[in-house]
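Below is one structure; the comments refer to it alone.
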Amino acid sequence: MRTPFAPAYPATRMRRVRSQPWLRGLVQENTLSANDLIWPVFVTDGENSAAPVVSMPGVERLSIDKLVDKAKQAVKLGIPAMALFPYTDPALKTPDAKEAWNPENLVCRAVRAVKSAVPEIGIICDVALDPYNSDGHDGLVKNGQILNDETVECLCKQALVQVEAGCDIIAPSDMMDGRVAAIRSALDENGFQHASILSYAAKYASGFYGPFRDAVGSGGALKGDKKTYQMNPANATEAIREVALDLQEGADMIMIKPGMPYLDILKSVREHFQVPTFAYQVSGEYAMLRAAADHGWLDYDQVVMESLMAFKRAGADGILTYSALHAARLLNHQD
Ligand code: PBG
């Protein structure tokens, strides 16, 4: 983009259009609304239970009944979709991760409950084995190696039970090669042509996922790291290849993750591909903002809105954020 002609100071005074709130509003380039937000939520067994996640102050693991109440609130606030993450009973975690395709597993029960009580909210489910794998990895592990093709078969079974339960959007977050194509055909062959795929296309091996792993209880279980399948934070052009492959394989929407430290990736992906692109403001980003605010070092409302707007400015069509409810409340009060 060329810089448009502008006469020098004093003919040009950039502060002129900043002088009044209405004028700032008039020249504002990007906007944020509740409609841009996807709310990731942790689900747990039990009833009437909301257990705090220590490393994410203000975030709770919700039992299904509480989840349904919160889904109603989310709809009232104009939030279009929720992403559900199960806290799996450690006794159900096995090396073959078979709880992942149990049609009665926690996440499937949660999807059914929300869809029957609040059908107007979109439901997104992660596809990856880490909540169910005793090794904490997103794939099957054999002799210390993360198996690719064997894992993909498991992911297809996992995706199927989730859409059968009523999940609208399947979100593979595992970073195995070829999983989008395999899941797309498994869905189509079973009559789920309308279930969409939001692929975590460019997902980096990041330290910012730490609090999430506490929240779903996979952190303690994790042996080693995820660097043989998640991307190297030093790489940018590789993200373009990852996204291109997932789109060729049939992804309807793509995601970049983490969010704030990867706005450059978001912007270049959005410029390369004209497809719905989402950013995930991950658990560690939430924890940083929240912890600083809890110490009185940052104004939480201000930094949350500023960080969410940064995603829009970089080109995101939507943002997954643990602050979704809070941000939507703030946005609705502005009207
Ligand atoms: C699981 C998954 C992770 C996140 C979303 N899905 C963790 C990981 O890959 O280790 C992270 C989300 C967050 O940190 O908020 N595959």
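Just so you know, these numbers come straight off a predicted model, no measurement behind them. One-based numbering, in listed order, for ligands and for the atoms of each.
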Open item on the list: Could you identify the single nearest non-hydrogen protein atom to atom 6 (N) of ligand 1 and state the distance to 0.1 Å?
Closed with: Asp126 OD2, 2.9 Å
TODO: Would you mind telling me if ligand 1 is within reach of the side chain of Tyr322, the backbone, both or neither, using heavy atoms under 4.0 Å?
DONE: side chain
Open item on the list: Quick test: of every protein heavy atom, which one is nearest to atom 12 (C) of ligand 1, and how far off is it to 0.1 Å?
Closed with: Phe212 CD1, 3.3 Å
- [ ] Give the ring-plane orientation class for Tyr200 versus Tyr280, where under 30° counts as parallel, over 60° as perpendicular and anything between as tilted.
- [x] tilted
- [ ] Give the residue, atom name and distance (to 0.1 Å) of the protein heavy atom nearest atom 8 (C) of ligand 1.
- [x] Lys226 NZ, 3.4 Å
TODO: Give the ring-plane orientation class for Phe85 versus Phe212, where under 30° counts as parallel, over 60° as perpendicular and anything between as tilted.
DONE: perpendicular
TODO: Please say whether the positively charged group of Lys203, taken as NZ for Lys or CZ for Arg, lies over the ring of Tyr209, i.e. under 6.0 angstrom from the six-membered ring centre and within 45 degrees of the axis.
DONE: yes
TODO: Specify side chain, backbone, both or neither for Ser283, according to which of its non-hydrogen atoms lie closer than 4.0 Å to ligand 1.
DONE: both
- [ ] Assess the side chains of Asp246 and Ser199: does a donor N or O sit below 3.5 Å from an acceptor N or O?
- [x] yes
Open item on the list: Tell me the protein heavy atom at minimum distance from atom 9 (O) of ligand 1, and give that distance in Å.
Closed with: Lys203 NZ, 2.6 Å
- [ ] Could you see which bit of Asp174 sits under 4.0 Å from ligand 1, with heavy atoms only: side chain, backbone, both or neither?
- [x] neither
- [ ] Could you check whether the rings of Tyr286 and Tyr322 sit parallel, tilted or perpendicular, using 30° and 60° as the cut-offs?
- [x] perpendicular
Task: contact_flag Lys257 ligand 1 heavy-atom lt 4.0 Å - done: yes
TODO: Among all protein heavy atoms, pick the one closest to atom 1 (C) of ligand 1 and tell me residue, atom and distance.
DONE: Asp130 OD2, 2.9 Å
Task: Test item: Asp65 side-chain N/O and Asn48 main-chain N/O as donor-acceptor pair under 3.5 Å - done: yes
Open item on the list: Looking at Glu120 and Lys76, is any side-chain nitrogen of the basic one under 4.0 Å from a carboxylate oxygen of the acidic one?
Closed with: no
TODO: Closest by any non-hydrogen atom to atom 16 (N) of ligand 1: pick that one out of Asp138, Leu129, Val216.
DONE: Asp138
